[in-house]
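Let me begin by presenting the structure, written as structure tokens, before commenting on it.
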Amino acid sequence: MSDSTKRRKPRTLTRRQALRGMGVAALGPLGVRCTTSDSGSQHEACLDFELIRKHVDTVVVLMMENRSFDHYLGSLTLLEGRDDVDGLTADMSNPHPDGSEIYVFPSEVYCLTDPPHSWDSSHAQFNDGANDQFVQQFSYRSPEYCHEAMGYWDRSVLTAFYTLADHYTVCDQWFSSLMSSTWPNRFYSHAAQNGGVQGNRFPEDSVTTIYPRLEEAGWSWANYYANLPWLVLVEGHKLTDPTMRFLEDFFDHAEAGTLPNVTVIDP
């Protein structure tokens, strides 16, 4: 293995450093607040796009997967009473295959079989808006733990996420581009289309990503990855491209202020 392809030793990043860095990324470039009309003491971040264009020259996109808002931050409503967040309520439930009703509950299971999220299972779970088949669909894969589809984690477990939710903007409406599995949604994130695929397979026709258009417009970009960049599955992108960079380098580049205009993190 050549020096250019060797993996570097991962850097140690404390939670304090991570929170400090994310705080700067979230608010540092603007540093502007707007007073709401109904309360002089309540403030919201300005959504002034001219201001954003003038002061923000770097956008960092981190896409993770297979978590719902309710699973991670739903207890902001259920346990902490925030009425400005569309989270969990005590009456939410799903029927169990044994006939019982499973209501939302604090989970104590931190690692389990991935709940099904293919095209068919996702549409069955949604069930034309009833959202009543999550436990049933999970039972086909993990009958012993299918009730965990209704579990959630609170502040005591996800301390960093809840700290961020306390201080920064919370987006409580999480929707995938396509109600299906990983690949088609990754295609959407990189190309604004999925090539017509419903599952984890290649489109019949080639799909062009947004990155050539960024380059044509004079904007720089890079994909920082941990194991293998998903983007190399798309035609026109190779692992040897200079825009494919190790995740450890992200922290050095962020600290040095040399991140490209559009930075994609692929964990």
Side-chain angles (χ1 to χ4, degrees), residues 1-15 17-26 29 56-68 71-72 110-111 114 117-118 158 160-161 164 171 174-178 180-195 197 199-203 206-267:
M1 181 178 292
S2 67
D3 290 339
S4 62
T5 56
K6 285 182 179 178
R7 295 302 308 276
R8 295 173 48 192
K9 182 179 180 181
R11 296 184 54 181
T12 300
L13 183 70
T14 67
R15 184 167 63 185
Q17 290 171 322
L19 286 173
R20 182 176 61 192
M22 284 185 280
V24 171
V56 177
D57 58 13
T58 303
V59 175
V60 178
V61 179
L62 167 62
M63 173 181 280
M64 303 178 78
E65 61 176 303
N66 299 349
R67 303 289 181 182
S68 69
H71 181 54
Y72 260 27
Y110 303 117
C111 185
D114 205 18
H117 49 280
S118 66
L158 301 177
F161 280 96
L164 290 170
C171 298
W174 293 9
F175 301 104
S176 59
S177 299
L178 192 72
S180 186
S181 46
T182 299
W183 281 32
N185 285 288
R186 294 281 170 170
F187 275 114
Y188 265 109
S189 70
H190 292 292
Q193 61 168 309
N194 69 326
V197 299
N200 293 339
R201 63 182 181 85
F202 294 101
S206 62
V207 172
T208 302
T209 66
I210 64 172
Y211 305 113
R213 293 192 177 185
L214 285 174
E215 294 171 355
E216 292 171 4
W219 298 102
S220 59
W221 71 278
N223 188 115
Y224 293 83
Y225 66 93
N227 304 111
L228 188 69
W230 186 91
L231 189 54
V232 299
L233 296 175
V234 183
E235 185 177 341
H237 297 281
K238 305 185 298 297
L239 189 59
T240 55
D241 291 343
T243 50
M244 299 297 170
R245 304 175 183 177
F246 292 139
L247 183 58
E248 304 91 81
D249 294 329
F250 167 81
F251 300 100
D252 291 330
H253 297 169
E255 185 176 13
T258 58
L259 288 174
N261 299 123
V262 176
T263 298
V264 178
I265 301 178
D266 193 355

Under 3.5 Å, side chain of [X] to main-chain N/O of [Y], donor-acceptor pair present?
| X | Y | answer |
| --- | --- | --- |
| Asp252 | Asp249 | no |
| Asn185 | Ser177 | yes |
| Asn261 | Ser220 | yes |
| Asn194 | Val197 | yes |
| Asp266 | Trp230 | yes |

Take Asn200 and Ser181 through the side-chain hydrogen bond (donor to acceptor under 3.5 Å, both in side chains) test and state the conclusion after the steps. CA-CA 7 Å; Asn200 293 339; Ser181 46; 3.2 Å; yes
Between atom [atom1] of [X] and atom [atom2] of [Y], what is the distance when rounded to the nearest 0.5 Å?
| X | Y | atom1 | atom2 | answer |
| --- | --- | --- | --- | --- |
| His190 | Thr208 | NE2 | OG1 | 14.0 Å |
| Phe251 | Leu259 | CZ | CG | 10.5 Å |
| Arg245 | Tyr225 | CZ | OH | 11.5 Å |
| Arg186 | Leu178 | CZ | CG | 14.0 Å |
| Thr58 | Trp219 | OG1 | CH2 | 9.0 Å |
| Thr243 | Leu214 | OG1 | CG | 11.0 Å |

Does [atom1] in [X] sit with more than 12 non-hydrogen atoms of other residues, nucleotides or ligands closer than 6.0 Å?
| X | atom1 | answer |
| --- | --- | --- |
| Arg213 | CZ | no |
| Glu65 | CD | yes |
| Trp174 | CH2 | yes |

Verdict with supporting geometry, Leu231 and Met244, side-chain contact (heavy atoms from CB on, under 4.5 Å): CA-CA 9 Å; Leu231 189 54; Met244 299 297 170; 3.5 Å; yes
Considering non-hydrogen atoms only, spot the tightest contact between Gly199 and Pro184 and give its length. O-CD, 3.4 Å
Which atom names give the shortest non-hydrogen contact between Gly195 and Pro203, and what distance separates them? O-CB, 3.6 Å
Report yes if some heavy atom in the side chain of [X] is under 4.5 Å from a heavy atom in the side chain of [Y]; otherwise report no.
| X | Y | answer |
| --- | --- | --- |
| Phe187 | Gln193 | no |
| Tyr211 | Asp241 | no |
| Tyr224 | Val264 | no |
| Asp114 | Asn66 | yes |
| Val61 | Val59 | yes |

For Phe161 and Tyr72, I'd like to know if the aromatic rings sit close, meaning centre-to-centre distance below 6.0 Å. yes
Which of parallel (below 30°), tilted (30 to 60°) and perpendicular (above 60°) describes Phe202 and Trp183?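 It falls in the perpendicular class, over 60°.
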Quick one about Thr209 and His237 (side-chain donor to acceptor, distance below 3.5 Å, no hydrogens or angles considered), yes or no?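 Yes, because at least one side-chain N or O of His237 sits under 3.5 Å from a partner of the opposite role on Thr209.
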